[in-house]
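Because only heavy atoms are used, hydrogens play no part in the values below, and waters and symmetry mates are left out as well, while side chains stay in. Atoms within each ligand, like the ligands themselves, are counted from 1 in listed order.
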Amino acid sequence: MKPKILMARAIFPEVIAKLAQHFEVTSNQEDVLWTQPELIAQLAGKQGVFTTGGERIDATLLAACPDLKICANMTVGYNNFDLDAMSAAGVLATNAPDVLTETTADLGFALLMATARRMAEGEHFLRAGLWTRWRYDMFIGADVHGATLGILGMGRIGQAIARRGAHGFGMKVIYHNRTRLDAGAEADCKACYVSKEELLRTADHLVLVLPYSASSHHAIGAAELAQMKPTATLVNIARGGIVDDAALALALRNKVISAAGLDVFEGEPKVHPDLLTVPNVVLTPHIGSATLPTRLAMAHLAADNLIGYLIHEKPLTPLNPGITLRRQSAEV
Ligand code: DGY
């Protein structure tokens with residue numbers, strides 16, 4: 001009998017077809033947004049679940065789903081997983097690193113440029129029929145080339161953004177991270193390690209690429225924004241909750257910083273109403289990894305993790321591999 005798995009959200013039909021070769025698949029192509037009790041009900045008798053980063057997997061769900069062995073996120077971020085609870089329950093967690101690095105860095109850089117050069121403001125002005133003549137001071141923005149690029153969170157995506165800035169735009173790159181990169185990686189990105197205070201104080205364009213956790217909640221709030229240059233821009237492509245969106249909206253309105261570009265929001269898909277009314281912010285709906293080849297690669301990696309673990313006992317990108325070893329040795 002094939003193991004049973006659940007697709008928590010709609011996904012590429014070709015990925016479902018691949019999984020169906022190995023599993024009895026319950027899909028959700030209607031893309032119903034299940035509440036946690038509904039998700040628990042759907043998970044009855046399932047050994048695996050394909051998740052898309054928004055489904056909360058915590059102790060309550062794990063206790064109610066004794067057959068569950070693996071939750072495979074198609075995203076690299078896994079703040080929807082309570083990893084400690086999963087490890088304690090012997091449930092494997094996997095994510096999808098690497099495959100989205102360059103695509104997400106592209107979006108980060110695109111947002112940086114759109115923000116610095118006021119592209120959304122200019123477009124709204126044009127679409128509203130307000131463009132009647134060229135003026136020397138119309139939509140004056142900030143230079144990107146040669147400016148100081150600050151990066152908070154220097155993982156794979158942070159480094160990919162740093163390379164774009166340093167090698168493509170001649171930017172001076174500074175970063176802050178929990179751990180400093182080794183000399184080779186710093187040289188590759190032409191990046192200098194600085195304190196968070198110096199980063200805030202000296203960056204012309206600050207990009208946030210750190211993972212969300214209790215310790216990074218509101219890592220950028222009113223106090224941090226006040227330390228930034230009034231001409232600086234801020235880009236968040238990491239996770240909602242890292243920025244205090246209410247404080248940011250106020251800072252943008254009061255020109256504490258010049259502009260922001262946001263792809264992620266606290267409580268998304270809801271967006272703080274004040275962000276919708278300030279002009280100097282570019283808003284995109286969490287599309288950092290949204291290109292066809294990348295989303296396919298992410299979905300295939302999650303599928304391969306399900307197949308790898310439940311069929312071959314070899315997941316590709318486990319987050320709590322100690323669990324894998326314990327489970328495998330218990331089954332031998
Ligand atoms: C991720 O993988 O965490 C991205 O945010 C999804 O777009």
Short side-chain donor-acceptor distance under 3.5 Å, His176 and Glu197: no
Whichever hydrophobic residues join Phe125 through chains of side-chain contacts under 4.5 Å: Leu126, Leu130, Trp131, Met138, Phe139
Amino acids in close contact with ligand 1, where any non-hydrogen atom sits under 4.0 angstrom away: Thr75, Val76, Gly77, Leu100, Arg239, His286, Ser289, Arg295
Asn28 and Gln42 side chains, donor-acceptor separation under 3.5 Å: no
Pair Arg9 + Glu55, salt bridge at N-O below 4.0 Å: no
Test item: side-chain donor near acceptor, Thr231 and Asp204, under 3.5 Å: no
Plane angle bin for Phe169 and Phe109 - parallel if under 30°, tilted between 30 and 60°, otherwise perpendicular: tilted
